[in-house]
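Since the structure is predicted, the reported quantities are computational estimates derived from the model, not experimental observations. Just so it is clear, the values below take in all heavy atoms, side chains as well, and ignore hydrogens, waters and symmetry mates.
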Amino acid sequence: MAGPTLPDLLERRRHECRLTPDRALASLDDASGFLHDRGLLTRTEDSALPSLFTACHEPPYAAGRGGFAEWPATKYPWFSALGQQDGVYELRIHRGKSVLLTSRTAALADPVCREELARHEGREDAAGRLLGLLAEAGPAALDDLKLELDWTAARMRSVRAGLERAGAVVSRSVTVAAGGAGHVHSSVLYRWDQVFPHPSAVGGIDDLLVASLRAAVVAPEPEPERWFAWGASRVAGRVARLIDEGRIHRPQPGWVTAAVA
């Protein structure tokens with residue numbers, strides 16, 4: 001039996017990924033429902049993966065200025081607010097960019113994040129030292145970690161970025177009181193096994209790719225293998241194999257969609 005056609009899938013994508021103004025998110029609760037419906041959201045639109053800011057359909061703070069000025073004028077805090085909700089995980093496994101995962105999707109990423117954690121910890125390098133300190137002391141603020149490790153801000157930034165891309169470390173934003181009545185923004189770092197303590201019985205790269213493609217509804221065929229930061233040697237050829245296995249369907253040459261569950 002033939003599956004849905006590409007035009008059908010693109011129309012479904014417009015509806016389910018809220019790509020038209022009539023589907024604009026109206027509240028934080030609405031945004032939370034969108035996240036849990038899709039399973040994962042990027043912040044800004046950079047691929048076929050569903051984007052929170054695109055679904056807001058709100059003019060930017062300062063169009064044409066680039067960077068943060070292109071974010072929705074009033075709804076930009078929603079991404080961080082969703083990341084603070086129970087059962088939501090903000091990771092940087094989307095090639096260093098933030099992505100929100102629900103518990104269901106995080107369980108699929110869990111085996112890979114644990115593999116990355118095991119690969120880095122115990123080493124004699126900087127990443128191994130940071131992971132060892134977090135294992136010993138528990139989640140810790142950036143300033144405390146820099147002091148304990150005697151690292152500059154630049155070195156900490158470099159080491160944590162690699163670990164966050166791999167999913168071995170997760171950061172959470174905090175507001176710290178400063179002198180007078182002011183405050184500064186900082187982060188607390190966690191090992192992956194400190195935010196997701198119980199190993200998942202399911203998941204892996206294949207399962208995460210299929211779930212992410214289901215979230216996007218349909219995508220250009222080369223895209224899924226570029227969605228996550230894990231090495232090309234671990235991801236290359238997976239889409240073709242998943243097509244052969246019937247888990248991914250090619251509605252038209254150059255396009256892929258997740259097979260019906």
Side-chain angles (χ1 to χ4, degrees), residues 9 13 16-17 34-52 79 82-83 85 87-120 161-171 190-250 255-261:
L9 290 166
R13 169 177 164 74
E16 295 186 6
C17 294
F34 179 44
L35 169 60
H36 285 276
D37 175 63
R38 297 290 86 202
L40 82 166
L41 294 177
T42 64
R43 190 194 305 268
T44 58
E45 184 176 11
D46 58 20
S47 65
L49 291 174
S51 155
L52 176 67
F79 192 89
L82 289 175
Q85 292 184 349
V88 176
Y89 302 81
E90 181 180 344
L91 303 180
R92 292 188 177 271
I93 59 174
H94 182 46
R95 294 197 171 274
K97 298 178 182 180
S98 291
V99 60
L100 297 175
L101 278 64
T102 62
S103 295
R104 172 170 49 89
T105 310
L108 303 181
D110 173 67
V112 197
C113 294
R114 287 181 188 277
E115 287 174 16
E116 292 295 322
L117 187 58
R119 185 167 71 86
H120 286 95
L163 291 170
E164 286 184 282
R165 284 172 62 91
V169 162
V170 178
S171 65
Y190 300 72
R191 290 163 49 109
W192 170 251
D193 56 5
Q194 290 168 338
V195 298
F196 203 95
H198 304 296
S200 172
V202 297
I205 294 177
D206 286 357
D207 290 343
L208 182 61
L209 285 177
V210 173
S212 300
L213 185 53
R214 185 167 290 116
V217 181
V218 65
E221 187 166 339
E223 259 202 28
E225 293 183 4
R226 300 197 297 260
W227 281 340
F228 301 106
W230 302 302
S233 62
R234 300 179 65 188
V235 180
R238 286 181 182 265
V239 167
R241 177 170 53 74
L242 290 167
I243 290 173
D244 290 341
E245 293 174 358
R247 300 187 65 189
I248 289 177
H249 171 62
R250 188 185 284 123
W255 292 85
V256 287
T257 186
V260 177

Asker: Taking the side chain as everything from C-beta on, heavy atoms only, tell me whether Leu213 gets closer than 4.5 Å to Trp227.
Answerer: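 Leu213 reaches Trp227 side chain to side chain.
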
Asker: Out of curiosity, Gln194 CD to Trp192 CH2, how far, rounded to the nearest 0.5 Å?
Answerer: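 Interatomic distance, Gln194 CD to Trp192 CH2, rounded to 0.5 Å: 12.0 Å.
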
Asker: Could you list all the salt bridge (charged side-chain N to carboxylate O under 4.0 Å, His left out) pairs where at least one residue sits in residues 226-238, not counting sequence neighbours?
Answerer: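 Listed once each, the pairs are Glu115-Arg234, Glu116-Arg234, Asp206-Arg238.
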
Asker: If every non-hydrogen atom of Phe34 is compared with every non-hydrogen atom of Pro50, which pair is closest and at what distance?
Answerer: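 Result for this residue pair: CZ-CB, 4.2 Å.
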
Asker: Applying salt bridge (Lys or Arg N to Asp or Glu O under 4.0 Å), can you list everything that pairs with Glu16, at least two apart in sequence or on another chain?
Answerer: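 If we apply the salt bridge (Lys or Arg N to Asp or Glu O under 4.0 Å) test to Glu16, skipping adjacent residues, the hits are Arg12, Arg38.
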
Asker: Within a strict 4.5 Å, meaning less than it, do heavy atoms of the Val99 and Ile93 side chains meet?
Answerer: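 Val99 reaches Ile93 side chain to side chain.
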
Asker: Using the test side-chain hydrogen bond (donor to acceptor under 3.5 Å, both in side chains), find all partners of Ser200 that sit at least two apart in sequence or belong to another chain.
Answerer: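 Checked Ser200 against side-chain hydrogen bond (donor to acceptor under 3.5 Å, both in side chains); zero matches.
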
Asker: Can you tell me how far apart CG (Leu242) and CG (Asp207) are? Round to the nearest 0.5 Å.
Answerer: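 Between Leu242 CG and Asp207 CG, I get 9.0 Å after rounding to 0.5 Å.
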
Asker: Mind checking whether Val170 and Tyr89 have side chains closer than 4.5 Å, heavy atoms only?
Answerer: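 Sidechains of Tyr89 and Val170: no contact.
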
Asker: Under the ring pair (Phe, Tyr, Trp, His ring centres under 6.0 Å) test, which residues partner Tyr190, sequence neighbours left out?
Answerer: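 Tyr190: no ring pair (Phe, Tyr, Trp, His ring centres under 6.0 Å) contacts found.
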
Asker: Apply side-chain contact (heavy atoms from CB on, under 4.5 Å) to Glu221 and list each qualifying residue two or more places apart in sequence or on a separate chain.
Answerer: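 Per chain and number, Glu221 pairs via side-chain contact (heavy atoms from CB on, under 4.5 Å) with Val239, Ile243, Arg250, Val256.
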
Asker: Taking only residues two or more places apart in sequence or in another chain, which ones pass side-chain hydrogen bond (donor to acceptor under 3.5 Å, both in side chains) with Ser47?
Answerer: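 By the side-chain hydrogen bond (donor to acceptor under 3.5 Å, both in side chains) rule, Ser47 matches no residue at all.
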
Asker: Hey, what do you get for CG (Leu101) to OG (Ser212), rounding to the nearest 0.5 Å?
Answerer: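 Spacing of CG (Leu101) from OG (Ser212) equals 7.5 Å.
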
Asker: What pairs meet the salt bridge (charged side-chain N to carboxylate O under 4.0 Å, His left out) rule with one or both residues in residues 91-103, with sequence neighbours excluded?
Answerer: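 Qualifying pairs: Asp46-Lys97, Arg92-Glu164.
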
Asker: Identify the heavy atoms of Ala216 and Ala48 that sit nearest to each other, and give their distance.
Answerer: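 Minimum heavy-atom separation between Ala216 and Ala48: CB-O, 3.3 Å.
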
Asker: For Glu245, what residues pass the salt bridge (Lys or Arg N to Asp or Glu O under 4.0 Å) criterion, not counting sequence neighbours?
Answerer: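 Here the qualifying residues are Arg241.
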
Asker: I'd like to check the side-chain contact (heavy atoms from CB on, under 4.5 Å) partners of Thr44; sequence neighbours left out, ordered by chain and number.
Answerer: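 Thr44 satisfies side-chain contact (heavy atoms from CB on, under 4.5 Å) with Phe53, Trp71 only.
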
Asker: Keeping to residues at least two apart or across chains, list the ring pair (Phe, Tyr, Trp, His ring centres under 6.0 Å) pairs with something in residues 228-247.
Answerer: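 Counting only pairs at least two positions apart or across chains, the ring pair (Phe, Tyr, Trp, His ring centres under 6.0 Å) contacts touching residues 228-247 are Phe228-Trp230.
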
Asker: The criterion is side-chain contact (heavy atoms from CB on, under 4.5 Å); which residues satisfy it with Pro199, sequence neighbours excluded?
Answerer: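 Residues passing side-chain contact (heavy atoms from CB on, under 4.5 Å) with Pro199: Asp110, Arg114.
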
Asker: Is the side chain of Thr102 donor-acceptor paired with the backbone N or O of His36 at a distance under 3.5 Å, no angle test?
Answerer: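 Absent.
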
Asker: Please round to the nearest 0.5 Å and tell me the distance separating atom CG of Leu100 and atom CZ of Phe79.
Answerer: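 If we round to the nearest 0.5 Å, Leu100:CG and Phe79:CZ are 3.5 Å apart.
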
Asker: Holding to side-chain contact (heavy atoms from CB on, under 4.5 Å), I want the full list of residues that pass it with Ala211, two or more places apart in sequence or in another chain.
Answerer: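 Ala211: side-chain contact (heavy atoms from CB on, under 4.5 Å) contacts with Leu108.
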
Asker: To the closest 0.5 Å, what do you measure between CG (Leu91) and OG (Ser98)?
Answerer: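 That separation rounds to 8.5 Å.
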
